[in-house]
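Data block below; observations after.
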Amino acid sequence: LTLDSFYTVEIDGVTDEAGLALQEPWSSTFRVRDFDPPAVTLLEPIGAIIEGDTWTALEGRSLTLRADTASNDPIKTVLFTLGGVAVEGQLDVSGEYRAEANAPLSVAEVFLSVQAEDVSGNLSPILSHAIAIIDDDPPAGWLSAQPRRLRLMATGRKICAGSAAFFSPGGHDIFQT
């Protein structure tokens, strides 16, 4: 029998133990149901920075969410959730399910989750992965130079990333951070 196929059983010409015949044919239709859930694999989003098992994205930037599926039954839906916002995936020509989303603003980390459902209603386990969100707002600041004193002032949500070096007109190192 084939999964998700309908079959009809017809009974006719049957007699009971007393020899009495079934008066009219009896039939029943049934469906072979699949109980095996699909498998889903969460793939690295396009647009994220991948370093080993660490996924990072710049806030507000576009991400292409991706997943692979496997099932003995056709897949009905693949649902991605990024930071609590659900986005339905579409089958891509690559064979992956994909959805477009933007990395959220003003958060340090979000979770990307995916779950697949087959046409029989079976759900895959939910797979999740953390994505660190990097502030994409550059700091504002100014530099003032006085004899024997160099002052650098910076403001912003994230001003400690990176380094600075100041050199004299002759190329001598004056100051480094």
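For reference, positions follow the sequence shown, starting with 1.
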Is there a donor-acceptor pair closer than 3.5 Å between any side-chain N or O of His129 and the backbone N or O of Asp53? yes
Do the side chains of Phe35 and Leu1 join up, straight or via other hydrophobic residues, at under 4.5 Å, putting them in one cluster? no
Expected output: side-chain Ser71 to main-chain Asp73 donor-acceptor under 3.5 Å: yes
Between Trp26 and Val14, is the side-chain contact (heavy atoms from CB on, under 4.5 Å) condition met? List the steps. CA-CA 10 Å; Trp26 178 84; Val14 176; over 6 Å; no
Spell out, yes or no, whether Ile50 and Phe80 are grouped together once hydrophobic residues are joined by side-chain heavy atoms under 4.5 Å, including indirect joins. yes
Nearest heavy-atom neighbours spanning Ala130 and Trp55: O-CB, 3.8 Å
Take Leu82 and Val87, measure what side-chain contact (heavy atoms from CB on, under 4.5 Å) needs, and give me the verdict at the end. CA-CA 8 Å; Leu82 181 63; Val87 183; 5.9 Å; no
Does Asp118 use its side chain to pair, donor to acceptor, with the backbone of Asn72 at less than 3.5 Å? no
Could you pull out the closest heavy-atom pair between Val78 and Ala116, with the gap in Å? CG2-CB, 4.1 Å
Note, Val40 side chain near Pro38 side chain (heavy atom, < 4.5 Å): no
Glu59 side chain to Val107 main-chain N or O, any donor-acceptor pair under 3.5 Å? no
One should read off an interatomic distance between Ser128 OG and Leu112 CG, to the nearest 0.5 angstrom, of 7.5 Å
State, yes or no, whether a side-chain contact exists between Thr64 and Glu100 at a heavy-atom distance under 4.5 Å. yes
Short side-chain donor-acceptor distance under 3.5 Å, Glu117 and Ser124: no
Mind checking whether Ile131 and Leu127 sit in one hydrophobic cluster, side chains of I, L, V, M, F, W, Y counted as touching below 4.5 Å? yes
Val114, Asp92, Leu91 screened by side-chain contact (heavy atoms from CB on, under 4.5 Å) with Tyr97, the one that passes: Leu91
Residues Thr2 and Val32: closest non-hydrogen pair is O-CB, 3.6 Å
Mind checking whether Leu22 and Leu20 sit in one hydrophobic cluster, side chains of I, L, V, M, F, W, Y counted as touching below 4.5 Å? no
Side-chain touch Glu51/Thr56, heavy atoms, less than 4.5 angstrom: no
Over all atoms of both residues, closest heavy-atom pair of Arg66 and Glu96: NH1-OE2, 3.0 Å
What heavy-atom pair brings Pro104 and Ile133 nearest, and what distance separates the two atoms? O-CG2, 3.6 Å
Could you pull out the closest heavy-atom pair between Pro37 and Asn122, with the gap in Å? CA-CB, 3.7 Å
Is it the case that one hydrophobic cluster holds both Leu42 and Leu65, taking links as side-chain heavy atoms less than 4.5 Å apart, direct or via other members? yes
